[in-house]
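For clarity, every value in this text was computed on a predicted model and none was experimentally measured. Order of the sequence lines sets the chain letters (A, B, ...), proteins ahead of strands, with each chain counted from 1.
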Number of protein chains: 2
Amino acid sequence: MRTDGRLARMLHVLVHMGLLGGRETSERIAQMLNTNPVVVRRTLGALRDHGIVESEGGRGGGWKLKRSLDQITVLDVQQALNEGAIITAPISRDHPNCPVERASNAVLEEAHVAAEAQLLAKYASTTLAHIADIALAEGIGSAHTQ
Amino acid sequence: MRTDGRLARMLHVLVHMGLLGGRETSERIAQMLNTNPVVVRRTLGALRDHGIVESEGGRGGGWKLKRSLDQITVLDVQQALNEGAIITAPISRDHPNCPVERASNAVLEEAHVAAEAQLLAKYASTTLAHIADIALAEGIGSAHTQ
DNA sequence: CTTTCCGCAACAATAATTGTTACGATATAT
DNA sequence: ATATATCGTAACAATTATTGTTGCGGAAAG
């Protein structure tokens, strides 16, 4: 199964935008992400709908953070991208009335719900400013030294 | 993304096999799972390679548990089916040398590794006998009342 | 030696994200 | 006004993983 890379990509680009401070076009952001401007609009559009960034069309337009890095958590970004659960219990629906299938599913559900709760708590307590600090401690934060 | 239903399906069928006690053919197991005998062989084959079940060909053959239900944990089944991680951190690989991307990935990795550790602990402490108990408490455990 | 099993290869079906092209809408500069 | 730079969106191919299916071979029991 292909991994859904949207969360990581958005964290990456939002931190860059916070460090750079100005407005960025979909074209430049696409280069940061090694991808296409349309993919950027598609994904950043979801963040705009949740008040994390704002966009302006026309000459001189582009994308800008609507809050500072310390006011955005990983959880904010995650929830803007995916309204559903992060970790989905891999339950089966072959015989919904079979007590054994229901018991198996119930055990899996319980374990996954607990793991997801822990994950969400971690997401909620991690701000993008924290990520920026780690990046700055390791190297130059705003350049792609590739 | 389609959910990987193999773990839930295997828990389901292993508990049935434990409760029934005898040998089951791929054909009958496929009916329990609403699927095809080939899919059953494919998946149970992995469990055989890990010593959870055994198979015999020819007339009177089929599949049988190699250990009792209280000697098989959910973790055993999970690891037989998938050698990799259960929860994969959705990291990005767009600019591997970019400190910001690395910092984002590191934060995600750390959170997911912690969540997976909790999940594995839960899997390890849950036996198939436990699932069977839940099923028996709710209804008849060996019949498909559909 | 026939029937009943599993073993395995090959390929279509399904589902989700990503990548790409094309066209429209809008705002700015000249 | 008109050209230009941007986002907005629809449509479709590419990719990837599991599932479903068919077909043929091998092995064991009777």
Can you find a side chain N or O atom of [X] that sits less than 4.0 Å from OP1 or OP2 on [N]?
{"X": "R48(B)", "N": "dG7(C)", "result": "yes"}
{"X": "T25(B)", "N": "dC5(C)", "result": "no"}
{"X": "S55(A)", "N": "dG8(D)", "result": "yes"}

Shared hydrophobic cluster for L7(B) and V113(A) (ILVMFWY, side-chain gaps under 4.5 Å):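 No: no chain of side-chain contacts under 4.5 Å links L7(B) to V113(A).
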
For [Y], is there an ion pair with [X] - N to carboxylate O distance below 4.0 angstrom?
{"X": "K64(A)", "Y": "E24(A)", "answer": "no"}
{"X": "R48(B)", "Y": "E54(B)", "answer": "no"}
{"X": "R93(A)", "Y": "E101(A)", "answer": "no"}

Sugar-phosphate only, base, or nothing, as touched by R9(B) at under 4.0 Å among non-hydrogen atoms: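 Contact class for R9(B): sugar-phosphate only.
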
Measure all distances between protein nitrogen or oxygen atoms and nitrogen or oxygen atoms of nucleotides 21-23 of chain D, and list the pairs falling under 3.5 Å.
residue : atom : partner : partner atom : Å
dT21(D) : O4   : R42(B)  : NH2          : 3.0

Side-chain heavy atoms of I52(A) within contact of K66(A), under 4.5 Å: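 Side chain of I52(A) against side chain of K66(A), heavy atoms only: no contact under 4.5 Å found.
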
Value rounded to 0.5 Å, distance of CG in L120(A) from CD in Q79(A):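 Between L120(A) CG and Q79(A) CD, I get 7.0 Å after rounding to 0.5 Å.
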
I need the [atom1]-[atom2] distance between [X] and [N], as an integer number of Å.
{"X": "R93(A)", "N": "dT19(D)", "atom1": "CZ", "atom2": "C1'", "answer": "16 Å"}
{"X": "R23(B)", "N": "dT4(C)", "atom1": "CZ", "atom2": "C1'", "answer": "14 Å"}
{"X": "D94(B)", "N": "dT17(C)", "atom1": "CG", "atom2": "P", "answer": "17 Å"}
{"X": "E27(B)", "N": "dT3(C)", "atom1": "CD", "atom2": "P", "answer": "18 Å"}
{"X": "E24(B)", "N": "dT4(C)", "atom1": "CD", "atom2": "P", "answer": "17 Å"}
{"X": "L33(B)", "N": "dG20(D)", "atom1": "CG", "atom2": "P", "answer": "9 Å"}
{"X": "I29(A)", "N": "dG19(C)", "atom1": "CD1", "atom2": "P", "answer": "15 Å"}
{"X": "L44(B)", "N": "dC5(C)", "atom1": "CG", "atom2": "P", "answer": "16 Å"}

Partners passing salt bridge (charged side-chain N to carboxylate O under 4.0 Å, His left out) against R42(B) (at least two apart in sequence or in another chain):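 Partners of R42(B) under the salt bridge (charged side-chain N to carboxylate O under 4.0 Å, His left out) test: none.
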
5'-most by nearest nucleotide on DNA chain C - E56(A) or T43(A):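 Closer to the 5' end of DNA chain C: T43(A).
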
Sub-4.0 Å heavy-atom contacts from residues 57-67 of chain A onto DNA chain D, ordered by number: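 Here the set is G57(A), G58(A), R59(A), G62(A), W63(A).
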
Any side-chain donor near an acceptor of the partner, W63(A) and S26(A), under 3.5 Å: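 Result is yes, a qualifying pair exists.
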
Closest contact, heavy atoms only, V13(A) versus M32(A):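 The answer is CG2-SD, 3.9 Å.
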
